[in-house]
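Have a look at the structure below, then the notes.
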Number of protein chains: 2
Amino acid sequence: MVYPAHMGTEQANTRDRLITSAARLFRQKGYHGTGLAEILAESHAPKGSLYHHFPAGKSDLALVAADWVSQGMLEIIDASFADAADFAEGATTFCHKLAKLFDLNDSWQSCPISTILFDGPDNGAFRTHANTILTNWIKRTSLHARELGLEKADADAAAELLLITIQGAWTLARARASSEVIRRIPRHLYG
Amino acid sequence: MVYPAHMGTEQANTRDRLITSAARLFRQKGYHGTGLAEILAESHAPKGSLYHHFPAGKSDLALVAADWVSQGMLEIIDASFADAADFAEGATTFCHKLAKLFDLNDSWQSCPISTILFDGPDNGAFRTHANTILTNWIKRTSLHARELGLEKADADAAAELLLITIQGAWTLARARASSEVIRRIPRHLYG
DNA sequence: GCATACCTAGACCGAATGGTCTAGATGGTA
DNA sequence: TACCATCTAGACCATTCGGTCTAGGTATGC
């Protein structure tokens with residue numbers, strides 16, 4: 001799981017426990033595949049708390065959980081490119097970090113966003129939200145690319161290609177139950 | 001939708017109608033997001049027929065539907081590389097065909113396999129099945145690559161990269177509700 | 001002390017879920 | 001005609017679903 005720095009592992013409050021449990025379960029079993037009862041059980045929260053913190057219920061929680069995961073991903077992107085000499089090096093670090101993350105979680109979790117968001121109840125809002133999150137990842141990556149010397153157009157293209165590839169590789173990795181494909185990306189793209 | 005050549009558009013029998021409806025709905029709303037009632041209504045079949053043709057019920061149907069979609073994809077791969085002068089040309093045709101397919105269906109369907117299979121009831125069997133299907137696609141693509149002159153290792157790598165990229169691009173295309181990303185793949189990889 | 005806002009707690013509900021079961025229609029064969 | 005396998009038909013069932021509602025606890029301010 002992606003743990004953003006702003007949320008430690010200590011016993012969190014009810015709201016945070018709901019978010020992390022929901023994020024984990026949605027990634028593992030999908031939105032419709034996860035029941036409220038399961039989320040409630042894992043986060044040791046009663047139903048009343050859920051509907052207090054997330055008045056719109058399940059869909060509300062899913063959106064917030066996706067944001068939380070997204071935040072973690074942005075932090076990983078930043079950490080990967082922070083000390084990189086060029087874009088390829090940063091991208092390589094990025095892939096390795098993700099592969100490690102994949103292995104850490106019994107290698108089953110879906111790409112952070114797609115499963116959470118692609119079968120939401122209301123296609124419109126969920127799709128838009130997923131789009132925003134993915135776009136943010138690409139934008140952030142492109143920003144690092146520019147800082148490492150690429151022209152705007154090249155940076156955008158490199159960032160889009162990298163994230164698309166990671167997205168697809170993550171899917172294949174899950175099907176194969178192996179992070180190998182993710183680790184192979186740098187060789188594919190820059191080798 | 002991917003329509004394999006072996007199944008025309010004329011009024012098919014109950015079993016085939018169940019498969020096509022299930023495939024469409026699972027791709028649109030996911031496995032758990034689609035109810036049996038919905039599939040039954042769309043295919044104008046009673047419950048008895050479903051459990052006659054697919055004794056194991058929903059999961060059985062999902063597996064067969066995935067196979068059917070997979071068959072269609074293999075035919076598209078073959079058609080794309082049949083008259084290609086080199087691998088890049090075949091891959092370009094492949095991407096264009098998929099983009100057209102994406103546009104044809106109100107641009108919402110998920111990548112053929114991932115959504116159908118990633119939130120199945122039994123992780124083991126479903127994951128394995130998805131893996132088999134994806135591997136078949138890559139194998140078939142690699143075969144065409146070899147016929148077009150690539151060495152075995154290069155062919156495998158090129159096929160894996162292409163299919164990974166398509167997988168990811170399809171996801172992003174769905175989030176953006178636009179097939180543009182899919183069309184851009186050839187420029188990214190071979191341009 | 002009291003009051004107030006915030007949060008927890010879980011009983012309860014109608015609707016929808018996947019799945020089972022029996023009855024009947026249908027077509028081929030003798 | 002009788003017979004039999006194949007398939008259609010849908011009533012029916014237990015369970016689970018997401019969501020509502022009321023009541024109780026708890027912290028903070030006066």
Side-chain angles (χ1 to χ4, degrees), chain A residues 7 10-26 28-66 115-126 129, chain B residues 7 10-26 28-66 115-126 129:
Chain A
M7 194 175 296
E10 75 278 0
Q11 180 72 339
N13 60 34
T14 304
R15 187 170 186 274
D16 290 343
R17 287 200 321 271
L18 280 168
I19 293 174
T20 54
S21 293
R24 200 189 70 77
L25 286 166
F26 286 154
Q28 183 178 358
K29 328 182 15 164
Y31 180 82
H32 286 113
T34 305
L36 284 191
E38 222 166 338
I39 301 173
L40 263 17
E42 178 166 319
S43 54
H44 302 292
K47 219 165 234 189
S49 299
L50 200 171
Y51 281 89
H52 169 75
H53 293 293
F54 307 95
K58 197 184 183 185
S59 61
D60 213 349
L61 177 56
L63 256 24
V64 175
T115 293
I116 297 188
L117 293 170
F118 272 177
D119 58 342
D122 169 44
N123 263 355
F126 269 59
H129 202 79
Chain B
M7 195 176 295
E10 75 278 1
Q11 182 73 340
N13 60 34
T14 305
R15 187 170 186 274
D16 290 344
R17 287 200 321 273
L18 279 168
I19 293 174
T20 53
S21 292
R24 200 189 71 76
L25 286 166
F26 285 153
Q28 184 178 358
K29 328 180 18 164
Y31 179 83
H32 286 113
T34 305
L36 285 191
E38 222 166 340
I39 300 174
L40 263 16
E42 179 167 318
S43 53
H44 301 293
K47 220 167 234 187
S49 299
L50 200 170
Y51 281 89
H52 169 75
H53 294 292
F54 306 95
K58 197 185 183 183
S59 61
D60 213 350
L61 177 57
L63 256 24
V64 174
T115 294
I116 297 188
L117 293 171
F118 272 176
D119 56 341
D122 167 44
N123 262 355
F126 269 59
H129 202 79

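Predicted model only: the values in this text are computed from it and were never measured. We name chains A, B, ... by the order of the sequence lines, and we start the count at 1 in each one.
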Could you grab the distance from atom [atom1] of [X] to atom [atom2] of [Y], nearest 0.5 Å is fine?
{"X": "T14(A)", "Y": "I19(A)", "atom1": "OG1", "atom2": "CD1", "answer": "11.0 Å"}
{"X": "R15(B)", "Y": "L50(B)", "atom1": "CZ", "atom2": "CG", "answer": "11.0 Å"}
{"X": "I39(B)", "Y": "R17(B)", "atom1": "CD1", "atom2": "CZ", "answer": "13.5 Å"}
{"X": "F26(A)", "Y": "L61(A)", "atom1": "CZ", "atom2": "CG", "answer": "5.5 Å"}

TODO: Return the minimal non-hydrogen interatomic distance between H32(A) and G33(B), and the atom names on each side.
DONE: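 Answer, listing the atom of H32(A) first, then G33(B): ND1-CA, 3.4 Å.
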
TODO: Considering non-hydrogen atoms only, spot the tightest contact between A22(B) and A65(B) and give its length.
DONE: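 Heavy atoms only, the tightest pair is CB-CB, 4.4 Å.
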
Give the rounded distance in Å between these two atoms: [atom1] of [X] and [atom2] of [N].
{"X": "F54(A)", "N": "dT8(C)", "atom1": "CZ", "atom2": "C1'", "value": "15 Å"}
{"X": "K58(B)", "N": "dT20(C)", "atom1": "NZ", "atom2": "C1'", "value": "17 Å"}
{"X": "H53(A)", "N": "dA9(C)", "atom1": "NE2", "atom2": "P", "value": "10 Å"}
{"X": "N13(A)", "N": "dC7(C)", "atom1": "CG", "atom2": "C1'", "value": "11 Å"}
{"X": "Y51(B)", "N": "dT22(C)", "atom1": "OH", "atom2": "P", "value": "16 Å"}
{"X": "H52(B)", "N": "dT20(C)", "atom1": "NE2", "atom2": "C1'", "value": "16 Å"}

- [ ] Would you indicate what K47(A) reaches in the nucleic acid, counting non-hydrogen atoms under 4.0 angstrom: base, sugar-phosphate, or nothing?
- [x]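 Base contact.
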
TODO: Go through residues 33-46 of chain A and report each residue with a non-hydrogen atom lying under 4.0 Å from DNA chain C, sorted by number.
DONE: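 The stretch gives P46(A) as the residues lying under 4.0 Å from the strand, ordered by number.
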
Task: DNA chain D: stems of at least 3 consecutive Watson-Crick or G-U pairs whose donor-acceptor distances fall under 3.5 Å - done: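 For DNA chain D the paired stretches long enough to count as stems (3 pairs minimum) are C:1-30 with D:1-30.
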
- [ ] Verify, without hydrogens or angle tests, whether S21(A) (side chain) and L18(A) (backbone) share a donor-acceptor contact under 3.5 angstrom.
- [x]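 Checked: no pair found.
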
Task: Nucleotide interval of DNA chain D bounded by contacts with chain A (heavy-atom cut-off, under 4.0 Å) - done: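 Result: dG18(D) to dT20(D).
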
Open item on the list: Considering only residues two or more places apart or on different chains, which pairs with a residue in residues 53-65 of chain B satisfy side chain to side chain donor-acceptor pair (under 3.5 Å)?
Closed with: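 For residues 53-65 of chain B: none.
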
TODO: For Y51(B), enumerate each residue passing the side chain to side chain contact (heavy atoms under 4.5 Å, CB included) test, keeping only those at least two apart in sequence or located in another chain.
DONE: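 Counting only residues at least two positions away or on another chain, Y51(B) forms a side chain to side chain contact (heavy atoms under 4.5 Å, CB included) with L36(B), K47(B).
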
Task: Results of side chain to side chain donor-acceptor pair (under 3.5 Å) for K29(A) - residues two or more places apart only - done: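 Side chain to side chain donor-acceptor pair (under 3.5 Å) check on K29(A) returns E38(A).
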
Open item on the list: Classify the ring geometry of F126(B) against Y31(B): parallel below 30°, tilted from 30° to 60°, perpendicular beyond 60°.
Closed with: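 The rings of F126(B) and Y31(B) stand perpendicular, inter-plane angle above 60°.
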
